[in-house]
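Data block below; observations after.
Per chain, numbering begins at 1; letters A, B, ... match sequence-line order.
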Amino acid sequence: MPELPDVEGFREVVARHAVGRRIERVDVADAGVLRGVTARQLGDRLHSHRFGKPERYGKWLIARTDGPAVLMHFGMTGSLAWLGSGAPRARYDRVVFVTDAGELHYSDMRKLQGIRLAQGPDDVDRVLAGLGPDALTVGSGEFGRLLTRHRRAIKPTLADQHVLAGLGNLLVDEILWRARINPRRPANSLDPGERDGLYRQMRRVLRDSVRQGRVPAKPSWLTGVRGQPEARCPRCGTPLSRGRIGGRTTVWCPNCQRAA
DNA sequence: TCAGTTGTTTATAT
DNA sequence: AATATAAACAACTG
């Protein structure tokens, strides 16, 4: 489920358990998730290094050590968990970082993304180059200016990592629904009041989601009902609309989110 | 068998 | 240059 809130949760897993731990070895169960590095290189270069303070940028987790940094992306089905030493491997555990006091399990069924190793700060920058500002820390002024620069529909604009980093399909639908903005509206057609409202709802949805470590599937949220066959708007009860916008399934309320 | 899925990149066309 | 669409990656589920 990895969007910004999920990855923020994975960052906390590392921050809480892995920091200061010494990497003894790296078990690669499926090298299909390694990008630009072999299993042997990954193990050799990380051996004996200790995890440092992790960071998140957009949907990327940057697990720094006192040597190289491990860059993880979780695609659509990835996750990260801290387990005790000698924990059994789960079915889709692809890489396990074994430390002196526990293990970090990188799991991913679909392997759409993967793990990179950055030898230095330049390598990290190269991977993150081109991403827009992080959705959790962007200011309202910059956020508004981003929107005025694109005439594309607001939905794919917000989900474009090069414009703004961190929002995925579920979050964008949730935020637009909260802000009562139709997903097909051109981004640069929003007036200043709408841009401000959108920013505030983004903050709110992100704050609540980060607290949960995921986009909550509460019945009062669009995300909580969007999977149902005859889903209705949690706010007004109108049957929800469903369509493809920007190549992704999009759910919105035709009553609350009128086309302009 | 077919369509769909929380992500991203690439090719192609407009 | 910006935008739109489809396909590809992989492994499921209904």
Side-chain angles (χ1 to χ4, degrees), chain A residues 1-11 28-36 56-61 71-80 90-95 106-116 126-132 134-136 145-177 183-189 202 205-206 208-210 212-218 221-231 240-252:
Chain A
M1 331 179 163
E3 299 185 61
L4 185 155
D6 309 87
V7 181
E8 186 62 21
F10 302 150
R11 187 191 63 74
V28 177
D30 188 335
V33 298
L34 302 185
R35 305 296 152 103
R56 179 197 54 75
Y57 193 95
K59 299 173 187 173
W60 283 93
L61 176 62
L71 302 180
M72 304 186 199
H73 196 295
F74 299 90
M76 292 172 86
T77 52
S79 64
L80 194 66
R91 180 161 178 199
Y92 298 116
D93 284 355
R94 309 299 189 183
V95 177
Y106 174 92
S107 185
D108 188 9
M109 180 180 76
R110 286 173 70 182
K111 302 187 286 185
L112 290 175
Q113 295 295 321
I115 293 177
R116 296 169 177 277
R126 245 192 300 281
V127 173
L128 303 183
L131 293 179
D134 187 80
L136 201 55
R145 284 192 292 280
L146 292 177
L147 299 188
T148 63
R149 288 207 279 268
H150 300 271
R151 61 195 162 119
R152 237 190 319 176
I154 185 69
K155 152 98 188 203
T157 301
L158 288 176
D160 186 340
Q161 303 300 297
H162 301 283
V163 175
L164 186 66
L167 305 185
N169 200 41
L170 296 185
L171 272 175
V172 170
D173 282 3
E174 187 72 46
I175 292 163
L176 289 173
W177 174 74
R184 289 192 208 274
R185 290 273 303 280
N188 62 5
S189 75
M202 177 178 76
V205 169
L206 281 178
D208 290 351
S209 299
V210 166
Q212 304 273 321
R214 57 178 300 178
V215 189
K218 295 193 285 194
W221 285 47
L222 182 69
T223 306
V225 302
R226 65 179 293 156
Q228 298 169 6
E230 291 180 13
L240 293 171
S241 297
R242 179 178 293 272
R244 266 185 116 66
I245 302 176
R248 305 301 303 276
T249 295
T250 303
V251 177
W252 72 98

Is the side chain of [X] donor-acceptor paired with the backbone N or O of [Y] at a distance under 3.5 Å, no angle test?
X: A:R94; Y: A:Y106; answer: no
X: A:T77; Y: A:G75; answer: no
X: A:N169; Y: A:T249; answer: yes

In whole Å, what is the span from the [atom1] atom of [X] to the [atom2] atom of [N]?
X: A:D108; N: C:dC9; atom1: CG; atom2: P; value: 16 Å
X: A:L4; N: B:dT8; atom1: CG; atom2: P; value: 11 Å
X: A:R248; N: C:dA7; atom1: CZ; atom2: C1'; value: 14 Å
X: A:I245; N: C:dT5; atom1: CD1; atom2: P; value: 10 Å
X: A:H162; N: C:dT3; atom1: NE2; atom2: C1'; value: 14 Å
X: A:R149; N: C:dT3; atom1: CZ; atom2: P; value: 12 Å
X: A:L147; N: C:dA2; atom1: CG; atom2: C1'; value: 16 Å
X: A:R35; N: B:dG7; atom1: CZ; atom2: P; value: 16 Å

Grab the two heavy atoms, one from A:K59 and one from A:P2, that are nearest each other, plus how far apart they are.
->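 Closest pair (atom of A:K59, atom of A:P2, distance): CD-O, 4.2 Å.
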Nearest-nucleotide 5' precedence on DNA chain B, A:Q113 against A:R110 |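 Of the two residues, A:R110 wins.
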Closer than 4.0 Å, any side-chain N/O of [X] to the OP1 or OP2 of [N]?
X: A:T77; N: C:dA11; answer: no
X: A:Q161; N: B:dT8; answer: yes
X: A:R244; N: B:dA3; answer: no
X: A:H150; N: C:dT3; answer: yes
X: A:K111; N: C:dC9; answer: no

Would you say A:E230 has more than 12 foreign heavy atoms packed within less than 6.0 Å of its CD?
->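 At most 12 heavy atoms, drawn from other residues, nucleotides or ligands, come within 6.0 Å of this atom.
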Checking all strands, does [X] fall into the base, sugar-phosphate, or nothing category for heavy-atom contacts under 4.0 angstrom?
X: A:T223; value: nothing
X: A:G247; value: nothing
X: A:L112; value: base

Pairwise P distance, C:dA6 and B:dA3 [rounded to whole Å] =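 That atom pair is separated by 13 Å.
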Take atom P in B:dT8 and the same atom in C:dA1, then report the distance between them in whole Å.
->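 After rounding to an integer number of Å, I get 24 Å for this pair.
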Where the side chain of [X] is defined as all heavy atoms beyond and including C-beta, which of [options] is the nearest nucleotide?
X: A:H73; options: B:dG4, C:dA11, B:dG7; result: B:dG7
X: A:M109; options: B:dT5, C:dT3, C:dA11; result: C:dA11
X: A:M76; options: B:dG7, C:dA11, B:dT8; result: B:dG7
X: A:R152; options: B:dG7, C:dA11, C:dT3; result: C:dT3

Nearest-0.5 Å distance that lies between atom CG in A:L158 and atom CG in A:L164 =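 The CG atom of A:L164 is 6.5 Å from CG of A:L158, to the nearest 0.5 Å.
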